[in-house]
Amino acid sequence: MTLTAEPAAEPVNAAEATPGGAILRRQRVRESAARTYARSFPIVPVRAHGMTVEGADGRRYLDCLSGAGTLALGHNHPEVLAAIRRTLDSGAPLHLLDLATAEKDDFTSALFASLPAEFATGAKVHFCGPAGTDAVEAALKLMQTATGRRGALAFTGAYHGMTAGALAVTANVAVKAPLPSGGETTRLPYPYAYRCPFGVGGERGTELAATYVQRLLDDPSGGVLPPAAMILEAVQGEGGVVPAPDGWLREMRRITAERGIPLIVDEVQTGVGRTGAMWAVEHSGVVPDAMVLSKAIGGSLPLAVVVYREEYDGWLPGAHTGTFRGNTLAMAAGAATLRYVAAHGLAERAARLGERITARLREAQHRLPVIGEVRGRGLMLGIELVDPTGEPDSCGAHPVDPALAVRVRAACLSRGLIVELGGRHDAVLRLLPPLTITDEQVEAVLDRLTDAIEAASAGEGAR
Ligand code: PMP
């Protein structure tokens, strides 16, 4: 996702002159200035299948954004559509708060079967509001209730959602009273080797990042009150596709376990095969206290849950409610997706394809010095774009080139490829193709992408 300062008066986009242009114009006039993807991709999609999106102007695009990592099986996968149709035809109620339904029961079975066994055994699930941010809020609140503490430990580069303060302005005393007041978020360094927070990079930087956390928490003058939880992503997505080394994750598990701090792993973007394992925590073997899940678990429809160890199940009835917790269609679509990913080995396929794409992009790095780093895990990949003429930092990383990244995104779009940016200065091209991407599509993505990087670094799109 890109968050950039836009000019107050929005320019009329050339795409508004194309078929579908009237819709784009009305969107610009009527929708909020906070529009994001709609600015980067002035397309009016009319049809989509798998990885291909067709715009109202008749153009076809390969979609490497996949609803910000939501569409594990791509657009309109036949098995997902069949599950939705079956549910519609069955006459099942579509909206049911948190009542028991066969669809929810089936989804819960599919979800628990997909989770690491050690975590799933005896775990509890809470269905919350349907967005990832809802699940994050719920998990933090759950751990605040369980620990009687309020603060959280979180990391540089983290992205966990956009809601703020909904509960702060809610007046229900019975709901608010069990939650402790005070506390804050303590920001800790994430092991981002390429732009190492300690300026040393590599394994040494990772070690320092873990040591810092431990020392800070044990320092009686470190300024950190005992927190309600630590929350982290095993691969940071919006933060620029930064995979945490497995050893560092195990260190975070050890440090939190030894100090009685619940560990919440945010698998909203990394889940359902994306990183080459069903869940990203499986790479390290870490067993968290809670996992927050959304995006792909709803099979393209809105659904979010927190799964947590039974010992934290300290909420009173009604302590965390919400109207949209019983989306029958999302549960049917989600169960079909979870089962399809497992039955077809799509996580393993994501691991293989991720390695192939990474190797090809690293080869391209030799002739395209604007590619500072290629990194990621499975089909969650990032390409950090740099100015190779700029002074490298102490880790050898050249300065980021966000202007080039914007031009590459546009050059990709004009070549029929949807690629979004992320990272600290929006200088990272992010690849999140569906796990069903074919070998031919991999080649087409690589051709269009490297061609776009080459053209943009040679000046295409520059004013
Ligand atoms: N956590 C992570 C890791 C995410 O990537 C996102 C969304 N990109 C969220 C939480 C928030 O999800 P939502 O946008 O559905 O609120």
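Each ligand, and each atom within it, is numbered from 1 in the order the structure gives. Numbering starts at 1 and runs along the sequence shown.
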In ligand 1, the atoms that come under 4.0 Å of a heavy atom of G161 are 11 (C)
Are the aromatic ring centres of Y340 and H77 under 6.0 angstrom apart?
yes
List every atom of ligand 1 that sits less than 4.0 Å from any heavy atom of T133, numbering the atoms from 1 in the order shown and giving each element.
11 (C), 12 (O), 13 (P), 16 (O)
Give me the ring orientation class for H320 and W315: parallel if the planes are under 30° apart, tilted from 30 to 60°, perpendicular past 60°.
parallel
Looking only at distances, please establish whether an N/O atom of ligand 1 is found under 3.5 Å from an N/O atom of Q269.
yes
Selection from A68, G67, G132 by shortest heavy-atom distance to atom 15 (O) of ligand 1:
G132
Where ligand 1 meets K295 - atom numbers and elements under 4.0 angstrom, heavy-atom basis:
5 (O), 7 (C), 8 (N)
Between S300 and H75, is there a side-chain donor-acceptor contact under 3.5 Å, judged purely by atom types and distance?
no
Taking non-hydrogen atoms only, is E233 closer than 4.0 angstrom to ligand 1 via side chain, backbone, both or neither?
side chain
Mode of E238 contact toward ligand 1 - side chain, backbone, both, neither (heavy atoms, under 4.0 Å)
side chain
Under 3.5 Å, is there a donor-acceptor pair linking the side chains of T270 and E267?
yes
Quick check on contacts: which atoms of ligand 1 are under 4.0 angstrom from a heavy atom of V268?
1 (N), 2 (C), 4 (C), 6 (C), 9 (C), 10 (C)
Modelled atom types, side-chain donor and acceptor of T358 and E355, under 3.5 Å:
no
Taking the six-membered ring of F127, is NZ or CZ of K104 closer than 6.0 Å to its centre and within 45° of its axis?
yes
Are W248 and Y212 near enough that their ring centres are under 6.0 Å apart?
no
Numbered in order shown, the ligand 1 atoms found under 4.0 Å of a heavy atom of A131 are 15 (O), 16 (O)
Which ligand 1 atoms are under 4.0 Å away from a heavy-atom of D266?
1 (N), 2 (C), 3 (C), 10 (C)
